[in-house]
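Here the structure comes first, spelled out in C-alpha cells, and everything after it is commentary.
Keep in mind that what you see is a predicted model, and the values were worked out from it rather than measured.
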Amino acid sequence: GGIVKKYIPIILMLLMIPLLNEGCKTEDLSVGWEIKADTLVFYSDEGVASWCADVKAREDSANCTTVVFLDAVTTISEGMFKNHSYVSTLTLGKNLRTIEDNAFRSCTSLTSVNWSEQVESIGNSAFENTGLVLLELPNNLKSIGDFAFSKCEKLTSCILPDSATDMGCNFTDCPALSTVKLPRGLTLLEDYSFSGCTSLQEVFVPASVKIVGYDAFSESGIVRLIFEGELHEIRSLRTSNMPALQTIIFLNYPPRQVEAEDTKFGLMNNTDSDACVYYLSEFSEYFPNSDGKWNGFVIKELHSIDDLP
C-alpha cells in the first residue's frame, strides 16, 4: 500500500500532461495572447509581436470573428490582419495609439470598430476594402494615411475629428459614402480625396482649408460645394469629370481668376455644364468679369448667407 501511495503524485502528473498540451493549442498567456472560442485577445505589445511571428498561431486564429486589443497594447503591426476574411468586430484598448499600414486591409467582413480615444495615427490602406458602414473617428486622431478607408463599398457616413490635420487621399472609390464632416484644422484637401464617391452630393469645406488638390471630387456625385474660408489654390476642379455639379459657393475670398496662359489654375474650368458660382456681395470685387462668368462658371451674387440656394 505504501508503494502505491508513493507513486500516486507521479501518476497524476503524467495524466495531466495531455491536458496541458491541449491547452497550449488554443492559448498562450506567456506570450501575451489567447483564443477564446471565436475571439482573439491580445494582452500586450509583446503578444502582438509574438503572434505576428508565429505562423501556426495565425493559422489557429484564421476563423476568429472578433479581435480584442486590451489596454496594454499600444500598436497594431503593419499588415497584421491583411486579407483576414472572418474578422467582423474589432475592439481597441484605451492606450492604443498607432495602427500601422495595411493592418486590416481587405478584411471584407469587418463592419464594426470600437475605437480607442487615444488613437493618434492610422496608416496607409489600414482599413482599405473593409466592410465598415459608419465611421466616427476618435478625437485625438492626428494623422490618416493615404487610402486608409478607400474602396470601402458599404461606407455611408464619416465624421472626422478636428484634430486630424494630416490627411491623405483617404476615401477614394467609396460609392455609398453620402455624408462627410471634414476637420476644422485641415489645411490641405489632398488630390483625389473623394474621387469615385458617387453617392456624395454635398461637402462643406471648412475655413482652415487653403488648398484643394487635383481632382479631389472627380467622378463623384457632388452637386454642391461650399467653401467657408479664403482659398489660396484649387489645383483642379473640372465640370467635365464632375457631371452632377450644380453649385459652388464661396463664403470668403475665392482663388483668383484664371488667365489664359495660367498653368497653376488652368485646370479649374467649366466647359459644358450649367453649374453656377455664388458669392457674397462683400467679395464682389474678386469677380470682375464683365461677361458675368468666372473661370467659365456663371456667377451670382448673394447679399447674405441666408440667401444661399
Is it possible for you to say whether [X] and [Y] belong to one hydrophobic cluster, with membership spreading through side-chain heavy-atom contacts below 4.5 Å?
{"X": "I305", "Y": "I299", "answer": "yes"}
{"X": "V203", "Y": "V223", "answer": "no"}
{"X": "L200", "Y": "F147", "answer": "no"}
{"X": "F204", "Y": "L189", "answer": "yes"}

Determine whether a donor-acceptor pair (N or O, by modelled atom type, separation under 3.5 Å) exists between the side chain of [X] and the backbone of [Y].
{"X": "S109", "Y": "S85", "value": "yes"}
{"X": "S281", "Y": "L302", "value": "yes"}
{"X": "N241", "Y": "E219", "value": "no"}
{"X": "E117", "Y": "N139", "value": "yes"}
{"X": "T156", "Y": "V133", "value": "yes"}
{"X": "D173", "Y": "K151", "value": "no"}
{"X": "N95", "Y": "D71", "value": "yes"}
{"X": "D101", "Y": "N124", "value": "yes"}

Tell me the closest heavy-atom pair linking [X] and [Y], and the distance in Å.
{"X": "P175", "Y": "T198", "answer": "O-OG1, 3.4 Å"}
{"X": "C276", "Y": "K300", "answer": "SG-CE, 3.8 Å"}
{"X": "I122", "Y": "A148", "answer": "CG2-CB, 4.2 Å"}
{"X": "R184", "Y": "D162", "answer": "N-OD1, 2.9 Å"}
{"X": "A275", "Y": "L245", "answer": "CB-O, 3.6 Å"}
{"X": "N140", "Y": "S163", "answer": "C-OG, 3.6 Å"}

For residues [X] and [Y], determine if any side-chain heavy atom of one lies less than 4.5 Å from a side-chain heavy atom of the other.
{"X": "L160", "Y": "N170", "value": "no"}
{"X": "L237", "Y": "L225", "value": "yes"}
{"X": "I35", "Y": "S61", "value": "yes"}
{"X": "D54", "Y": "R58", "value": "no"}
{"X": "R238", "Y": "S218", "value": "no"}
{"X": "V48", "Y": "S77", "value": "yes"}
{"X": "I234", "Y": "F227", "value": "yes"}
{"X": "F104", "Y": "I76", "value": "yes"}

Carboxylate-amine/guanidinium proximity below 4.0 Å for D166 and K142: no
Salt bridge D60-K56, side-chain N to carboxylate O under 4.0 Å: yes
The single option from F171, F81, W115 passing ring pair (Phe, Tyr, Trp, His ring centres under 6.0 Å) against F127: W115
The single option from W33, F42, Y43, W51 passing ring pair (Phe, Tyr, Trp, His ring centres under 6.0 Å) against F69: F42
Donor on one side chain, acceptor on other, D38 and T65, under 3.5 Å: yes
Polar contact flag, side-chain donor to acceptor under 3.5 angstrom, S150-T172: yes
CD (E153) with more than 12 external heavy atoms under 6.0 Å: no
Aromatic plane relationship, Y253 with F283 - under 30° parallel, 30 to 60° tilted, over 60° perpendicular: perpendicular
Which Ile, Leu, Val, Met, Phe, Trp or Tyr residues join [X] in one cluster when any pair of side-chain heavy atoms under 4.5 Å counts as a link?
{"X": "Y192", "answer": "none"}
{"X": "L188", "answer": "I211"}
{"X": "Y86", "answer": "none"}

Atom pair CG/CG of L90 and L40 - distance to nearest 0.5 Å: 10.5 Å
Inter-residue atom distance M80.CE - N102.CG, 0.5 Å rounding: 14.0 Å
Verdict with reasoning, S236 to D215, per side chain to side chain donor-acceptor pair (under 3.5 Å): CA-CA 5 Å; S236 172; D215 290 337; 2.8 Å; yes
ring-ring contact (aromatic ring centres under 6.0 Å, His included) evaluation trace for F250 with Y279: CA-CA 5 Å; F250 291 107; Y279 64 94; 9.0 Å; no
Matching residue for T89 among V68, V113, T66 - test: side-chain contact (heavy atoms from CB on, under 4.5 Å): T66
Evaluation steps, side chain to side chain donor-acceptor pair (under 3.5 Å), between N129 and S106: CA-CA 5 Å; N129 189 31; S106 295; 3.1 Å; yes
